[in-house]
Q: 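First the structure, then my questions, so here it is.
These figures come from a predicted structure and were not determined experimentally.
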Amino acid sequence: MSPSQEKAGLMARDTGPRCKKCLLIGEKLLLKGERCLSDRCPLHKWKAGEGERKKVSVYSVQLREKQKAKWIYGIMERQFRRYFAQAETRDNPGAALISLLERRLDNVVYRLGFALSRPQARQFVRHGAIRVNNKKVDIPSYQVKVGDEISVSEKAKERIRNLAAGRELTVDWLTLDKENLKGIVRRLPTEEDVKDVGINPKLIVEFYSK
């Protein structure tokens, strides 16, 4: 798929209420950045033990995991299926799927601490604030590679520096030069690197393999 085709496909995106998605899953998906960590998060009012909890089928568990991954990374069903189609040709489809999701440029911008949430990171990419190897890339789904350098445009540096000030790098497949707002992809991400996200890729593979 060409960059122009990929960019056109991104025009279709999920714009539904983000808090509702967290409530449906019953977990914090961190779709609203710092709000999700505050008392304003609706999940603070949600009591997991209220009422009798219904038994769920294996299919429901698998579907829930797939939906959770889609919502966390901000991907629509059609695009998510394309990722899985690429991943299922590999020896370990689950690990390959995680690698594809994590190597999206918008996710990398978020991981580096240049944005408070993945939706905000996606905005920065679309608005041309991000550089890959000193070239503007405005496609959120752009797949970074080992050795790529991700940096911030001069115009956006002041705003992003303020956002990055209180954040720390939490994954070791990236390196960060916070002073110069630059990051480098030092290796490919693995399943171990997404424990903070709480996704079980095995369940997603089982869902699509039926």
Side-chain angles (χ1 to χ4, degrees), residues 1-14 30-31 33 69-76 78-87 89-90 95-194 196-197 199:
M1 179 177 293
S2 69
S4 60
Q5 289 174 317
E6 184 67 21
K7 188 174 180 180
L10 287 170
M11 296 304 290
R13 61 191 181 92
D14 189 351
L30 301 179
L31 303 180
K70 280 173 48 184
W71 291 341
I72 287 174
Y73 291 98
I75 302 170
M76 299 294 283
R78 185 175 179 181
Q79 189 177 23
F80 197 84
R81 283 180 177 272
R82 286 203 300 268
Y83 281 132
F84 182 76
Q86 294 179 57
T89 63
R90 314 286 176 81
L97 179 62
I98 289 300
S99 181
L100 289 168
L101 294 173
E102 281 289 301
R103 287 191 292 121
R104 286 175 55 95
L105 181 56
D106 55 359
N107 179 72
V108 173
V109 170
Y110 168 71
R111 287 293 197 184
L112 288 169
F114 296 166
L116 299 178
S117 66
R118 288 179 179 86
Q120 186 180 53
R122 192 169 304 121
Q123 270 192 331
F124 288 157
V125 174
R126 283 192 177 125
H127 293 167
I130 304 301
R131 303 287 183 266
V132 178
N133 301 325
N134 293 319
K135 295 181 180 179
K136 184 177 78 171
V137 178
D138 57 4
I139 301 173
S141 63
Y142 177 89
Q143 291 280 297
V144 301
K145 305 180 294 296
V146 174
D148 280 351
E149 179 186 85
I150 293 84
S151 57
V152 176
S153 69
E154 287 298 325
K155 186 177 180 181
K157 271 188 176 179
E158 184 177 355
R159 181 184 181 189
I160 290 181
R161 192 182 301 281
N162 291 333
L163 293 174
R167 302 197 64 204
E168 298 296 331
L169 185 64
T170 58
V171 293
D172 64 6
W173 60 276
L174 299 169
T175 61
L176 172 64
D177 177 355
K178 186 181 284 190
E179 178 65 26
N180 295 302
L181 295 179
K182 292 181 179 180
I184 294 178
V185 183
R186 59 183 292 265
R187 64 171 174 82
L188 296 180
T190 67
E191 292 178 73
E192 289 296 311
D193 295 310
V194 295
D196 63 324
V197 177
I199 293 175

Q: R131 and S153: which non-hydrogen atoms are nearest, and at how many Å?
A: NH2-CB, 3.5 Å
Q: Atom CZ in R161, atom CD in E179: separation rounded to 0.5 Å?
A: 6.0 Å
Q: Are D106 and R122 within salt-bridge range, i.e. N to O under 4.0 Å?
A: yes
Q: Could you state the interatomic distance from CG (D172) to CD (E192), rounded to the nearest 0.5 Å?
A: 10.5 Å
Q: Please tell me if the side chains of I150 and I130 come closer than 4.5 Å, counting only heavy atoms from C-beta onward.
A: yes
Q: Using the test salt bridge (Lys or Arg N to Asp or Glu O under 4.0 Å), find all partners of E154 that sit at least two apart in sequence or belong to another chain.
A: K157
Q: Measuring only between side-chain heavy atoms, which start at C-beta, is L174 closer than 4.5 Å to V108?
A: yes
Q: What is the distance from atom OH of Y83 to atom CD of Q143, rounded to the nearest 0.5 Å?
A: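 The distance works out to 5.5 Å.
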Q: Going through the checks in order, is the side chain to side chain contact (heavy atoms under 4.5 Å, CB included) test met by R126 and D138?
A: CA-CA 5 Å; R126 283 192 177 125; D138 57 4; 5.6 Å; no
Q: List the atom of V109, the atom of A121, and the distance in Å for their closest heavy-atom pair.
A: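 So the minimum-distance heavy-atom pair works out to CG1-CB, 3.8 Å.
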Q: Hey, mind stepping through L101 and F80 against side chain to side chain contact (heavy atoms under 4.5 Å, CB included) and telling me if it holds?
A: CA-CA 9 Å; L101 294 173; F80 197 84; 4.2 Å; yes
Q: Please find the pair of heavy atoms, one from R104 and one from S141, that lie closest to each other, and give the distance.
A: NH1-CB, 3.3 Å
Q: Would you say that N107 contacts R118 through its side chain, given a criterion of any heavy-atom pair below 4.5 Å between the two side chains?
A: yes
Q: Just verifying a value: how many Å separate I199 CD1 and K70 NZ, rounded to the nearest 0.5 Å?
A: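 Reported to 0.5 Å precision, the distance equals 12.5 Å.
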Q: So R82 and I75, do their side chains get closer than 4.5 Å, heavy atoms only?
A: no
Q: Hey, are R187 and D193 close enough for a salt bridge, meaning a charged N less than 4.0 Å from a carboxylate O?
A: yes
Q: Mind running side chain to side chain contact (heavy atoms under 4.5 Å, CB included) on D196 and R111 for me, showing each step along the way?
A: CA-CA 11 Å; D196 63 324; R111 287 293 197 184; 2.6 Å; yes
Q: Inspect the surroundings of CZ in R159 and state if more than 12 heavy atoms from other residues, nucleotides or ligands are less than 6.0 Å away.
A: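 12 or below, so no.
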Q: The test is side chain to side chain contact (heavy atoms under 4.5 Å, CB included); show your working for F114 and L176 and say whether it passes.
A: CA-CA 10 Å; F114 296 166; L176 172 64; 3.9 Å; yes
Q: Looking at side-chain heavy atoms only, is the closest gap between I98 and V197 below 4.5 Å?
A: no
Q: In the structure I gave you, are the side-chain heavy atoms of E102 and L188 within less than 4.5 Å of one another anywhere?
A: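 The answer is no, as the side chains (C-beta and beyond) never meet within the 4.5 Å cut-off.
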Q: I'd like to check V146 versus W173 (side-chain heavy atoms, cut-off strictly below 4.5 Å). Are they in contact?
A: no
Q: Atom CG of N180 and atom CD of E149: how far apart are they, to the nearest 0.5 Å?
A: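 Going from the CG atom of N180 to the CD atom of E149 covers 9.0 Å.
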Q: With the side chain counted from C-beta on, respond yes when L105 and V144 share a heavy-atom pair under 4.5 Å apart, and no when they do not.
A: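 Yes; the side chains approach each other to less than 4.5 Å.
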Q: What is the minimum heavy-atom distance between S151 and N134, and which atoms define it?
A: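 Smallest interatomic distance, heavy atoms only, reads OG-OD1, 4.4 Å.
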Q: Let me check something: any side-chain donor-acceptor pairs from residues 162-170 under 3.5 Å, sequence neighbours excluded? List them with distances.
A:
| residue | atom | partner | partner atom | Å |
| --- | --- | --- | --- | --- |
| N162 | ND2 | E158 | O | 3.3 |
| R167 | NH1 | Y110 | O | 3.3 |
| R167 | NH1 | A115 | O | 2.2 |
| E168 | OE2 | K178 | NZ | 3.4 |

